[in-house]
There are 4 protein chains.
Amino acid sequence: MAYRSSEKTRQKKDAKRTAMMQAAMKVFAEKGYHAATVRDVVKQADVAIGTFYFYFPDKETLFTYLYEETADFILQSLQQATSGSADFETKLKATMQSYLNIAAYEPAVIQLLLVGGVGAVPSLHEKRIQFRERLAGAWQRLLREGHEQGVLATPQDLRRSAEYIAGGIDEIVLTLLRLPNPNTDVATAELIQTTLRLVGYQAAE
Amino acid sequence: MAYRSSEKTRQKKDAKRTAMMQAAMKVFAEKGYHAATVRDVVKQADVAIGTFYFYFPDKETLFTYLYEETADFILQSLQQATSGSADFETKLKATMQSYLNIAAYEPAVIQLLLVGGVGAVPSLHEKRIQFRERLAGAWQRLLREGHEQGVLATPQDLRRSAEYIAGGIDEIVLTLLRLPNPNTDVATAELIQTTLRLVGYQAAE
Amino acid sequence: MAYRSSEKTRQKKDAKRTAMMQAAMKVFAEKGYHAATVRDVVKQADVAIGTFYFYFPDKETLFTYLYEETADFILQSLQQATSGSADFETKLKATMQSYLNIAAYEPAVIQLLLVGGVGAVPSLHEKRIQFRERLAGAWQRLLREGHEQGVLATPQDLRRSAEYIAGGIDEIVLTLLRLPNPNTDVATAELIQTTLRLVGYQAAE
Amino acid sequence: MAYRSSEKTRQKKDAKRTAMMQAAMKVFAEKGYHAATVRDVVKQADVAIGTFYFYFPDKETLFTYLYEETADFILQSLQQATSGSADFETKLKATMQSYLNIAAYEPAVIQLLLVGGVGAVPSLHEKRIQFRERLAGAWQRLLREGHEQGVLATPQDLRRSAEYIAGGIDEIVLTLLRLPNPNTDVATAELIQTTLRLVGYQAAE
DNA sequence: CATGAATGAGGGTTCATTCAT
DNA sequence: AATGAATGAACCCTCATTCAT
């Protein structure tokens, strides 16, 4: 007896859901978890408050989901940049490129991850820690390759270097995002050079 | 006949005010701005809620003041480490030592600055940005000395390197603070070495 | 050319309507008026929420209608038991039998009437009062017969005795319904005896 | 340093708390748990909504507490009436007197117990069941005395009779409370006579 | 000075109801 | 007829802030 949920309707619903998540992303990125209200989100999405609860179970769940999805997106982007067979320097450049690209074209993504979830609900705090660890882990994997290729300074604790890099990049990215017209290319080039120095890179002969 | 609060009274008042600020620091560092309530603070300080509003105009002002004071404390500590006449390496070691010391013995100070005020009230956001800039500025001054002594790699944007350092250190510090028994000494030594590489340090002959 | 819904269509519609009312009865009996939601009802009936509003104008009206219908059903059952020509004792036994039978086989009916509509909407409160009065009225009619047959103790206010009986039975019924395997037969026999004593029954010689 | 909480202040607070509980009692008795809102209560008490939460942790807790307290009050009143050494008839009269007195002078107490907590939150449902059981228990104890004095009809299930009595009385009481000027005395006398018949009372020679 | 009772704006969430498809 | 996405009033509750004592 059930009417076939016309494909069109389904698509429309999905589109709306996506639109609402983007609205939520923007609001959370700007205000952070606590300061952002559900009313802010629905206003941004131009829907009624009940609509929010039609699409999402509650504020916390949405934020957690948004945070995880965003974190996965970033980490996969980095993963992609480091996969394949290439030398350390090439991969590092690609990775940095990738990260800065996201920062340039999807600033809310970065804002959400870096400031949106701080000082929030405990379950969220946990997620944030996980993200930082996975982010450092991504860099660490890259460094390990460099180490195996024998192009990095020794001794060094690759984990700690990876954390240093992750933190350093984000500091610079946040500074960039505060500028009206950030020159991402120059920053990327400099970040690459600085990071190469940081790990004591010596090109193989 | 003009009233004048006797010196003793004033001291007592100041002591209470200080105690309340320490209580507030602890609470804000643990929970962050939004999750911490004024009631949490007064409970920690063991005073009535009305007393809070005798000493501070409101929650936001207190937090801002606390944030500024804490930021000043950190920045002055770094300043002290870099003042005097010594070579670049010595000063960098002293600075790093100083920062990590604070993290080790006054973790709340670091927590407050790094996570306590993120995603909070707009006025606070501003303060946070200022702090990051001043922190980068402190490192930048040190790097400039190194540059003038000719011991750093060129070309490099000292400002950007300073930001990289500031961000990298904090990432590692936050990781350390999550551990039950962080070995600060090892971390400090590594941070120094990594930072020296980052700036392309070459000891003068 | 006037449309006329074919007999078949009407029957189908009535069937659906009935099914939805049974679903509503179950839900209201279990949760009571306020705690039961329209969504609970449509879920139980396995239809969409819009369908509910096609068949019923709103929640309150449905409940009121359901309550009335159920009340009528009970009262008619009692009526039937007391109709015909028989002596007081026989009729009382039949009436009690009838009531306890409903409680045993259609507990939701009783639950709905006794607890489903308490503390609800004003219009419902009115209905509940009416039901109690009609229920007492049914007993009162029976008692009047007994009085006319001269088998009841005098003096007694038949109305008040009728209320006493109605309230006493329901108290016991509700207690029974809480048991996993209520022995209705024993309870019925006891209720009959107790009620006969209550009205001071003396078999005619 | 703590100022002595002047006895006067304390008393005032207690008085207010009591006033608020009475306001809550009235509202809950009139509307039942679900239909009554916290705003209804604070409006009745003429205080702000925050004041409610200063005195009580939440709506459910208050209601539960109110319900328990009221139940205890009623049960203790009955207890008092049945204690002491007197014959069965005297005690039954006293008990009935006591119950009807409360109904006459504190109708909200009865309303709360009988209708206020029906169909409410699960924890409350439990409380209601407990109350009914304790109420029946009170009557049962009285009947047992009568049984031991050999003035009651045998055989009869004293528990079931007790429930019958409890339910019957409440039905009549609720009817009375609907009248503008209920004549409690006549009702009491009749209830006593009817109850004596119900239990098959035969005065000892 | 210090207290804590009192306030009420505002936050998250529910749910009866509507209406375009 | 039937659907279910969308709405928004209203609920419970929190918490920064005030002020009489």
Side-chain angles (χ1 to χ4, degrees), chain A residues 1-6 8-10 12-13 16-17 20 34-42 45-60 62, chain B residues 5 9 12-13 16 34-42 47-62, chain C residues 5 9 12-13 16 34-42 47-62, chain D residues 1-6 8-10 12-13 16-17 20 34-42 45-60 62:
Chain A
M1 180 65 71
Y3 280 44
R4 70 196 146 81
S5 58
S6 75
K8 209 156 131 200
T9 302
R10 168 89 66 83
K12 214 154 122 192
K13 186 178 172 186
K16 187 149 202 174
R17 187 190 165 83
M20 290 186 65
H34 264 111
T37 70
V38 174
R39 279 176 175 82
D40 287 336
V41 173
V42 300
D46 203 33
V47 296
I49 196 153
T51 306
F52 179 92
Y53 289 93
F54 178 72
Y55 284 96
F56 312 107
D58 54 41
K59 184 188 175 187
E60 185 175 346
L62 167 62
Chain B
S5 54
T9 302
K12 218 156 96 186
K13 180 177 169 183
K16 190 153 200 171
H34 267 107
T37 69
V38 173
R39 271 186 169 76
D40 287 336
V41 173
V42 301
V47 297
I49 196 152
T51 307
F52 178 93
Y53 287 92
F54 176 75
Y55 285 98
F56 310 105
D58 53 41
K59 184 188 175 186
E60 185 176 343
T61 303
L62 166 62
Chain C
S5 54
T9 302
K12 216 157 95 186
K13 179 176 169 182
K16 190 152 201 172
H34 268 107
T37 69
V38 174
R39 270 185 171 77
D40 288 336
V41 173
V42 300
V47 296
I49 196 152
T51 307
F52 179 92
Y53 287 92
F54 176 76
Y55 285 98
F56 310 105
D58 54 40
K59 183 187 176 187
E60 183 176 344
T61 304
L62 165 63
Chain D
M1 179 69 70
Y3 280 41
R4 70 198 144 79
S5 58
S6 75
K8 209 157 133 199
T9 301
R10 167 86 67 81
K12 215 154 121 188
K13 186 178 171 185
K16 187 149 202 174
R17 186 190 166 84
M20 290 185 65
H34 264 112
T37 69
V38 174
R39 271 181 173 78
D40 288 337
V41 173
V42 300
D46 203 34
V47 296
I49 197 154
T51 306
F52 179 92
Y53 290 95
F54 178 74
Y55 284 96
F56 312 107
D58 54 41
K59 184 188 174 187
E60 184 175 346
L62 168 61

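Letters A, B, ... are given to chains in the order of the sequence lines, protein chains preceding strands, and every chain is numbered from 1.
- At whole-Å resolution of the value, CE in M20(A) and P in dA6(F) are 8 Å apart.
- One interatomic measurement links the two molecules: NZ of K13(D) to C1' of dA20(F), which rounds to 16 Å at whole-angstrom precision.
- Rounded to an integer number of Å, the gap from OH of Y55(D) to P of dT14(F) is 17 Å.
- Using a 4.5 Å cut-off on side-chain heavy atoms (C-beta onward), R17(D) and F56(D) make contact.
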Whenever both distances are under 3.5 Å in a Watson-Crick or G-U wobble pair, mark it; put DNA chain E into dot-bracket that way, with [ ] for crossing pairs and | when the partner is on another strand.
-> .||||||||||||||||||||
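- Across every non-hydrogen atom of I49(A) and V42(A), the tightest pair is CA-CG1, 3.9 Å.
- Following rounding to the nearest Å, F54(C) (CZ) and dT21(E) (C1') show an atom-to-atom distance of 16 Å.
- The closest side-chain heavy-atom distance from F52(C) to R39(C) is not below 4.5 Å.
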How does each nucleotide of nucleotides 12-18 of chain E score, in 5' to 3' order, for protein heavy atoms under 4.0 Å: base (B), sugar-phosphate only (S), or none (-)?
-> BBBSBBB
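- For the pair L62(D) CG and dC12(F) P, the interatomic distance rounds to 12 Å; values are reported in whole Å.
- Contact detail for Y53(D) and D58(D): the closest heavy-atom pair is CE2-CA, 3.9 Å.
- Taking the nucleotide of DNA chain E with the nearest heavy atom to each of K12(A) and A48(B), the more 5' of the two is matched to A48(B).
- L62(A) places none of its side-chain heavy atoms less than 4.5 Å from the side chain of M20(A).
- Contact between the side-chain N/O atoms of K16(B) and the OP1/OP2 oxygens of dA2(E) is found at a separation under 4.0 Å.
- The main-chain N or O of A36(C) is found under 3.5 Å from a side-chain atom of K59(C) such that the two form a donor-acceptor pair.
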